[in-house]
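Computed from a predicted model, the values in this text were never measured in an experiment. Letters A, B, ... are given to chains in the order of the sequence lines, protein chains preceding strands, and every chain is numbered from 1.
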Amino acid sequence: MSQSPSPDRTARSLVKSLLAADGPCDEVRVQGWVRTRRDSKAFSFIEVNDGSCLKGIQVIADADLANYQSEIVHIRTGASVEVVGALVSSQGGGQAWEIQAREVIVHGNADEDFPLQKKGHTMEFLRSIAHLRPRSNLFGTVFRVRSRMAYAIHRFFQDRDFVYVHTPIITASDCEGAGEMFRVTTLKGEDFAAGNDEKDFFDKRAYLTVSGQLEGETFACALSNIYTFGPTFRAENSHTSRHASEFWMIEPEMAFCDLGGDMDLAEAMIKFLVEDALEHCAGDLEFFGRFVDKGLHERLEFVRDRAFERVSYTEAVEILQASGEKFEYPVEYGHNLQSEHERYLTEKHFKCPVTVYNYPREIKPFYMRLNDDEKTVAAMDLLVPGIGEIIGGSQREERLDLLQANLESHGLSEEDYWWYVDLRRYGTVPHAGFGLGFERLLMFVTGVANIRDVIPFPRVPGWAEF
RNA sequence: UCCUCUGUAGCUCAGCGGUAGAGCGGGUGGCUGUUAACCACUAGGUCGUUGGUUCGAAUCCAACCGGAGGAGCCA
């Protein structure tokens with residue numbers, strides 16, 4: 001069925017550009033997948049989508065086409081076709097342009113059991129056909145926005161002279177303190193059972209990274225401002241709509257920067273990304289606003305235009321205690337804020353993104369910088385409505401003696417962090433950074449409620465199909 | 001790991017002790033510049049699995065398995 005390309009063929013046009021045409025065109029060529037077909041005796045309407053945008057283009061295939069009876073009337077939803085014809089203004093309502101076909105090549109029809117229908121699928125079912133769901137309106141839209149946001153993230157940092165650093169995915173430091181890790185090993189049989197790590201591929205235990213932060217700090221202490229953007233892995237057995245075992249994280253790190261500068265960057269970044277989405281994904285966002293989250297557009301404009309709130313952890317606890325709200329878990333100074341507390345702050349009290357900073361030292365990791373009050377550390381979490389924590393960051397402890405004391409009080413061995421501690425020996429500098437969960441950002445920007453629906457092939461406990 | 005909900009046709013669901021249903025999707029035919037098209041006919045199910053209660057179980061009970069939501073942890 002397929003034809004070999006020849007130099008004089010009409011170049012392929014994207015459906016996106018045809019729909020935006022400002023005049024008719026004698027010869028155009030589209031290639032894509034059929035969304036629906038309706039036929040009569042005299043002709044058939046074929047809607048073709050190529051993923052370049054939400055909408056498809058309507059193709060008119062007259063019954064006198066050579067393969068009309070043999071192929072065209074048998075085309076089912078999901079078939080791949082190539083159409084050559086004229087772009088003409090549409091006689092029917094509903095679309096400005098359509099293609100009057102001169103040739104319809106059926107590259108591959110879809111079997112009768114093609115599972116994607118025109119209506120009524122649950123997200124759970126679509127997850128079970130992750131290889132086909134990008135052909136649905138919703139997932140095509142999600143993954144176009146994902147691509148655009150990845151690009152926007154690089155633009156945000158590159159425009160500010162941040163250097164993109166590729167931190168390792170396989171790591172041998174076994175105590176980064178950010179949750180359970182996946183083991184990487186080539187050990188077999190007895191050696192595996194006995195845990196003979198010295199015989200393993202790297203001569204020691206290795207894992208998939210849970211964060212590139214520590215390695216990122218080393219590069220910030222050389223290139224000043226850096227960022228990472230890559231996959232991270234958590235072997236936590238968590239079953240929620242906001243957690244995945246494999247996800248992408250953005251981690252900027254700035255030398256000569258304190259917590260205030262860190263919060264400034266985090267807030268500017270969220271605003272920039274929201275603004276970029278509003279500007280470059282308008283059609284896609286409108287779709288989400290209609291079918292996924294009615295208040296999406298309003299919320300995104302609000303985030304773009306309004307100042308974010310900032311409160312210290314101490315103030316946040318006071319607000320929560322004075323709220324009169326009935327929480328499942330009590331609000332107590334010295335305890336971590338629960339999900340319900342964070343949601344209350346951002347959704348009900350402030351009704352906008354909130355940065356909470358200066359947390360009690362006891363509930364935060366060893367690398368965070370001790371404040372002058374000696375009770376709190378220079379940490380911050382950026383909370384957004386609908387999701388809760390989207391960014392977590394801190395100013396890092398740059399003083400050698402305090403870092404060593406922190407390692408000890410957290411039960412960690414300085415030997416395991418020798419290179420990290422070294423940074424404090426050779427030209428130490430105040431520095432700060434944060435981690436942004438890429439998928440959580442996408443959930444926020446699209447309104448999609450489950451993290452599994454913004455990752456092409458999600459990995460969660462018990463599920464690694466595809 | 002804990003708590004709650006859920007599992008009936010390819011998909012979305014109804015049926016909730018008495019012969020297994022609808023819409024969509026598929027097939028066949030018809031009709032129409034249609035657009036989640038429409039009309040008619042038709043094929044399609046070990047009602048998650050195993051065991052129990054009952055004259056009789058999709059329906060009631062138990063265990064197990066799968067799915068979803070929430071909690072913890074975090075991004």
Side-chain angles (χ1 to χ4, degrees), chain A residues 35-48 55-62 73-74 76-78 88-95 98 100 110-129 132 136-137 176-180 210-213 231-251 266 291 327-329 335-343 363-365 381-384 387-393 434-444 449-455 460-463:
Chain A
R35 283 296 176 78
T36 85
R37 199 192 97 257
R38 301 172 287 277
D39 58 10
S40 68
K41 276 208 181 73
F43 52 84
S44 195
F45 295 104
I46 309 169
E47 189 191 329
V48 179
K55 290 200 173 81
I57 190 151
Q58 175 161 286
V59 172
I60 313 301
D62 283 333
V73 298
H74 301 294
R76 282 180 288 259
T77 301
V88 297
S89 92
S90 178
Q91 294 174 35
Q95 61 276 319
E98 64 189 19
Q100 183 68 49
D111 286 356
E112 291 165 16
D113 57 355
F114 183 67
L116 263 181
Q117 295 172 23
K118 287 173 279 183
K119 57 170 147 184
H121 289 304
T122 58
M123 300 296 260
E124 293 80 47
F125 173 69
L126 290 167
R127 274 172 218 149
S128 74
I129 51 165
L132 298 172
S136 67
N137 284 334
E176 294 180 26
E180 292 293 311
V210 293
S211 163
Q213 180 200 315
T232 49
F233 307 87
R234 305 274 167 94
E236 294 285 354
N237 187 21
S238 54
H239 213 153
T240 82
S241 55
R242 304 181 309 284
H243 292 86
S245 311
E246 177 180 321
F247 63 99
W248 281 54
M249 193 151 63
I250 297 111
E251 295 180 288
F291 295 108
F327 294 113
E328 193 181 338
Y329 293 89
H335 287 72
N336 249 319
L337 296 179
Q338 305 287 317
S339 287
E340 58 176 342
H341 303 151
E342 296 181 343
R343 299 281 289 261
I363 59 175
K364 288 294 182 183
D381 285 347
L382 176 54
L383 315 175
V384 295
I387 295 174
E389 184 181 342
I390 193 170
I391 283 177
F434 62 79
L436 167 70
F438 185 44
E439 284 78 11
R440 292 206 179 157
L441 171 82
L442 291 172
M443 292 166 71
F444 182 65
N450 196 306
I451 196 167
R452 281 167 264 196
D453 301 324
V454 296
I455 304 180
V460 294
W463 183 260

Exercise. With sequence neighbours excluded, what pairs up with A:Arg35 under the side chain to side chain contact (heavy atoms under 4.5 Å, CB included) test?
Worked result: A:Glu47, A:Asn49, A:Asn137
Exercise. Are OP1 or OP2 of B:G27 and a side-chain N or O of A:Arg76 less than 4.0 angstrom apart?
Worked result: yes
Exercise. Residues in ring pair (Phe, Tyr, Trp, His ring centres under 6.0 Å) with A:Phe247, at least two apart?
Worked result: none
Exercise. What residues, two or more places apart in sequence or in another chain, satisfy ring pair (Phe, Tyr, Trp, His ring centres under 6.0 Å) together with A:Phe43?
Worked result: A:Phe45
For this session: May I ask you to decide whether A:Lys364 forms a salt bridge with A:Asp381, counting only side-chain N to carboxylate O separations under 4.0 Å?
Result: yes
Exercise. Looking only at atom P, what distance separates B:A20 and B:U53, rounded to whole Å?
Worked result: 22 Å
For this session: Just name whichever nucleotide pairs with B:C41, Watson-Crick or G-U, keeping both distances under 3.5 Å, else none.
Result: B:G27
Problem set entry | Qualifying residues under salt bridge (charged side-chain N to carboxylate O under 4.0 Å, His left out), relative to A:Asp453, sequence neighbours excluded | A:Arg127, A:Arg133
Exercise. Does a distance-only test, which skips hydrogens and angles, find a donor-acceptor pair under 3.5 Å between the side chain of A:Arg38 and the base of B:C31?
Worked result: no
Exercise. If you measure only the distance, is there a donor-acceptor pair under 3.5 Å linking the side chains of A:Glu251 and A:Ser211?
Worked result: yes
Exercise. Do we count A:Phe247 as stacking onto B:A75 if the rule is ring centres under 5.5 Å and planes under 30°?
Worked result: yes
For this session: Please name all residues satisfying salt bridge (charged side-chain N to carboxylate O under 4.0 Å, His left out) with A:Glu439, sequence neighbours left out, ordered by chain then number.
Result: A:Arg146
Exercise. Can you find an N or O donor on one side and an acceptor on the other, under 3.5 Å apart, linking the side chain of A:Glu112 with the base of B:G44?
Worked result: no
For this session: Report yes or no: is there a donor-acceptor pair, N or O only, under 3.5 Å between the side chain of A:Gln95 and the base of B:U34?
Result: yes
Every protein N/O lying under 3.5 Å from an N/O of nucleotides 2-4 of chain B:
none

Exercise. Roughly, in whole Å, what's the span from CD in A:Glu340 to P in B:G70?
Worked result: 14 Å
For this session: Kindly say whether, by distance alone, the side chain of A:Arg234 makes a donor-acceptor pair under 3.5 Å with the base of B:A75?
Result: yes
For this session: Please state whether the base of B:C11 and the side chain of A:His121 form at least one donor-acceptor pair under 3.5 Å?
Result: no
Problem set entry | First of A:Thr240 and A:Gln58 reached from the 5' end of RNA chain B, by closest nucleotide | A:Gln58
Seminar exercise, completed: Residue pair A:Trp463/A:Glu342 against RNA chain B: nearer the 5' end by closest nucleotide is A:Trp463
Problem set entry | Which nucleotide in B:A68, B:C11, B:A75 has an atom nearest any side-chain atom of A:Phe125 | B:C11
